[in-house]
Student: 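Let me begin by handing over the structure; questions about it come next.
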2 protein chains.
Amino acid sequence: MPETIAIIGGTGPEGRGLASRFALAGRRVVIGSRDAARGASVAAEVASTLAGRAGAGAVEGASNAAAAATGDVAVVTVPFEGHRATLEALVGELAGKVVVDAVVPVRFERGPRPVEVAEGSATEEAAAVLPDSRVVGAFHNLAADSLLDLDAPVHADVLVTGGDEEAKRIVSALAERIEGVRAVDAGPLRYSRFVEGLTVLLIGVNMRHKTRTHVRIEGLPA
Amino acid sequence: MPETIAIIGGTGPEGRGLASRFALAGRRVVIGSRDAARGASVAAEVASTLAGRAGAGAVEGASNAAAAATGDVAVVTVPFEGHRATLEALVGELAGKVVVDAVVPVRFERGPRPVEVAEGSATEEAAAVLPDSRVVGAFHNLAADSLLDLDAPVHADVLVTGGDEEAKRIVSALAERIEGVRAVDAGPLRYSRFVEGLTVLLIGVNMRHKTRTHVRIEGLPA
């Protein structure tokens, strides 16, 4: 189980939500930002919501580069428009590490619309940009609101894609430290497009039904 | 609620499964095939599995054209390679009708692989080919084995896409006549690609985990 989790581009709701949950599970979390001061202020905010919770890990802020260098595992939660450039700047820091891409290629224009990615998906783009990292796709489908609602379990499956089986096991174990979450091996990297696409669908369902939804795969062996 | 359901290209497992469930729900079902005799023999087989079940509707076989002409609603379950040509031949028969596309653009080559569709999805291809029909996407994610296991409810959500709200309601009501099924409005036609892609993902999960899975959207209002 990794000790320190870096959240790259972690100041948005999804990054904060994952940071909160990983800290709640006793991990040390470093929230990375383009702006180290912004990372620090968001980290302080997240840490304050965890005050008094037994066993919670420290939450710190840093630049994306410093966070990437510090983390045993890095989770990428930048908006899609910054995805490629952010990772291109971190090739060295992330070499050899498990990198979890949680980014959904989506833009908003009267509802969520998918953005075409040359590599097929954001996760495959990350794998192309970071050839020396162990890239896995995960966490796309967890609604930030649910992650931030710390007293409620997140009743959701996390669909994990990738070609590095050990990296997938590490990420799956980390995901299952979030109360209520089950990790499901969803296949190789090339299936990431479906997980990312499903997220666009869920965002649409959420807007349509004015709620926040998650997905469960029924019928898996216990 | 439509009285007669045509299943276009309905002799495969998915077509048989849907035919069985609709008949079980008291609908008259016409199983269409390129070969009317084949449609008739599969229909007789499906009818025999329903023998003695109170309230079951008749199951008949026909050519695809005769089935399409007879049905109040047509459900399309041809393999993707026959999708466009099959529908092109039925433009007249299907004009003005609710047409439900359940086809997944997939081919099998060391696991399921998506097939690119110029229109974005099989359902959008159907809408392009059938401009005078009321095209809806649905039923993609119901495993044929589960549909054919008549004594067990199908614990699954059917994701319904389309632009014709009344057609979606008709199809949703029909879907919910299958025991255990809940219909979820998954948005406009352009979201069909995500529903179809999700099916490719589930097929992969099924192969990987040697099981049959369905999807549930958690968090919708009851």
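Chain naming here is simple, since letters A, B, ... match the order of the sequence lines and numbering starts at 1 in each.
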Student: So which atom in A:F194 and which in B:L201 form the shortest heavy-atom distance, rounded to 0.1 Å?
Tutor: CB-CB, 4.0 Å

Student: Run the salt-bridge test on A:R182 and B:E218 with the 4.0 Å N-O cut-off and return the result as yes or no.
Tutor: no

Student: Tell me whether A:T211 contacts the main-chain N or O of B:G219 through its side chain, where contact means a donor paired with an acceptor under 3.5 Å.
Tutor: yes

Student: If you count heavy-atom pairs within less than 4.5 Å of chain A, which of B:S146, B:P188, B:P114 leads?
Tutor: B:P114

Student: If you count heavy-atom pairs under 4.5 Å between each of A:M207, A:R212, A:R190 and chain B, which one has the most?
Tutor: A:R190

Student: What distance do B:N141 atom CG and A:I217 atom CD1 have between them, rounded to the nearest 0.5 Å?
Tutor: 9.0 Å

Student: Assess whether side-chain contact (heavy atoms from CB on, under 4.5 Å) is satisfied between B:V215 and A:L198, documenting all intermediate values.
Tutor: CA-CA 11 Å; B:V215 74; A:L198 173 62; 5.6 Å; no

Student: Are A:E196 and B:R193 close enough for a salt bridge, meaning some N to O gap below 4.0 Å?
Tutor: no

Student: Is it the case that over 12 heavy atoms from other parts of the model lie below 6.0 angstrom from the CD atom of A:E116?
Tutor: no

Student: Examine distances only and state if a side-chain atom of A:H209 and a backbone atom of B:D185 form a donor-acceptor pair shorter than 3.5 Å.
Tutor: yes

